[in-house]
2 protein chains.
Amino acid sequence: MLELAILGFLYDAPLHGYELRKRITALTGHVKPVAESTLYPAIKRLEKAELLERATRPGSVAAPRHELTLTEEGRRELRRRLAEPSRSDITDENRWFTVLAFLRHLEDPGAQATVLRRRLAFLEEPASFFYDGDRPLRAEEFDDPFRRGILTIARATSEAELAWLRETVASLDTGSR
Amino acid sequence: MLELAILGFLYDAPLHGYELRKRITALTGHVKPVAESTLYPAIKRLEKAELLERATRPGSVAAPRHELTLTEEGRRELRRRLAEPSRSDITDENRWFTVLAFLRHLEDPGAQATVLRRRLAFLEEPASFFYDGDRPLRAEEFDDPFRRGILTIARATSEAELAWLRETVASLDTGSR
DNA sequence: AGAGAATACATCGAAGTCGAGGTATTGCGG
DNA sequence: CCGCAATACCTCGACTTCGATGTATTCTCT
């Protein structure tokens, strides 16, 4: 997820680590903050894998910056990760939002629709949170207001997203015809 | 989150690891699966911390089971973790749902309402995903349908949850008066 | 002039998590 | 009776992540 976000933000324009961190914090930080000690090693991993290059520039304000630029290989890698997201990129909301944030970099509307359809399939799978044996329990069956809340919220979320997904998939399909 | 789920499920009744895994998988597994190699070490940690005890029972079907029971200290620890959730228990949806799933074990409605109010405060904080400098960008301002989707979905989710939270806090307040 | 915040990067050890693999038993279909 | 799925537990190494801490510079406020 972190690596995807780094590749995604750098796809548009070269940035230095500190700026990257601010953008990532805005994107997913209020839910799950990114520590600097996680970001810098991640940048190094990507550099080692030759997905990005760094150039030292005098800092505009303070210490010198390391301007990070994606290599051609790095650009291909982002498109690959967007076109073929892992299972958890689809199921985990944080990861999924990161995929969505950069999905426009996948230029083909058909490929974009394919990714949305995978999320759609996942959301359409019947899944509950609590079971009585094999039988999924519905919100109305709980005395517990908090468990009822979980199901209520999950249902509202999933309906909003399903509506958006269906609409967007349809418009990608007609747009590309 | 894992430890909270273990403590939560065992609070109701003693279970063995395999059964625990199935319940945790039902609760959060479709979003983020729990590997056995994560669960068993977690059980050992809790055992070492004397929050739970194990007793070997002949397996009903196959191998012998290790029946796990919370100690008095373990029960206190669950209540403590529910009453004083960490920042990320409040902000991270997976963790938050886990807190909600067991919040009924906090017997005092006032304490329950306090926890809900912390989530309420978090959701009421103004937070966007994308910024133009310091100015948060609204859904309508994007050409990108995917980023627009992120904001649309996040808004719907947050509104559904806010409504539920306000209603539930109110009923906890009147109920305890 | 000095304190403190912001910029900008980095290392280290501790901890948690995962995937792959291993052990052993029971029950069911072919 | 053989293989396979399900039950039930476990270990190992690789990797990621985090919190704490360190370095150095510049700007702002007092």
Here the distance between atom C1' of dT7(C) and atom CG of L20(A), to the nearest Å, is 15 Å
Calculate the interatomic distance between L2(A) atom CG and dC15(D) atom P; express it in whole Å. 17 Å
Output for pair (L100(A) CG, R148(B) CZ), nearest 0.5 Å, gives 12.5 Å
Are R45(B) and dA15(C) close enough that a side-chain N or O sits under 4.0 Å from OP1 or OP2? no
If you take all heavy atoms of E3(B) and R45(B), which pair is closest and at what distance? OE2-NE, 2.9 Å
Set of salt bridge (Lys or Arg N to Asp or Glu O under 4.0 Å) partners for E161(B), sequence neighbours left out: R119(B)
Checking contacts here: which listed nucleotide (dC10(D), dA10(C), dT17(C)) is nearest the side-chain heavy atoms of K44(A)? dA10(C)
Please table the atom pairs, donor to acceptor, closer than 3.5 Å between any side-chain atom in residues 28-42 of chain B and protein atoms at least two apart or in another chain.
unit_1 : atom_1 : unit_2 : atom_2 : d
T28(B) : OG1    : I24(B) : O      : 3.4
E36(B) : OE2    : R21(B) : NH1    : 3.4

Residues at least two apart in sequence or cross-chain that pass ring-ring contact (aromatic ring centres under 6.0 Å, His included) with F9(A), listed by chain then number, are F102(A)
DNA chain C contacts among residues 73-103 of chain B, heavy-atom distance under 4.0 Å: none
So which nucleotide from dT17(D), dC9(C), dC9(D) ends up closest to the side chain of Y40(B)? dC9(D)
Determine, using the 4.5 Å side-chain heavy-atom cutoff (strictly less than), whether L123(B) and V115(B) are members of one ILVMFWY cluster. yes
Within 45° of the six-membered ring axis of Y11(A) and under 6.0 Å from that ring's centre, is NZ or CZ of R75(A) located there? yes
When rounded to whole Å, the CZ to C1' distance for the pair R65(B) and dT23(C) reads 18 Å
Looking at the side chain of R54(A), which of dC9(D), dC9(C), dT17(C) is the nearest nucleotide? dC9(C)
CG of L39(B) versus P of dT17(C): gap in Å, rounded? 11 Å
When you measure from the side chain of K22(B), which nucleotide among dA6(C), dT7(D), dT16(D) comes out closest? dT7(D)
Among residues 24-38 of chain B, which contact DNA chain D at a heavy-atom distance under 4.0 Å? E36(B), S37(B)
What pair of heavy atoms forms the shortest contact from L27(A) to A101(A), and how long is it? CD1-CB, 4.0 Å
Does H16(B) put a side-chain nitrogen or oxygen below 4.0 Å from OP1 or OP2 of dC9(D)? yes
Sorted by first residue and then second, give each ring-ring contact (aromatic ring centres under 6.0 Å, His included) pair with at least one member in residues 73-92 of chain B; sequence neighbours left out. none
Name the nucleic acid region contacted by R21(A), choosing base, sugar-phosphate or nothing; use a 4.0 angstrom heavy-atom cut-off, strictly under. nothing
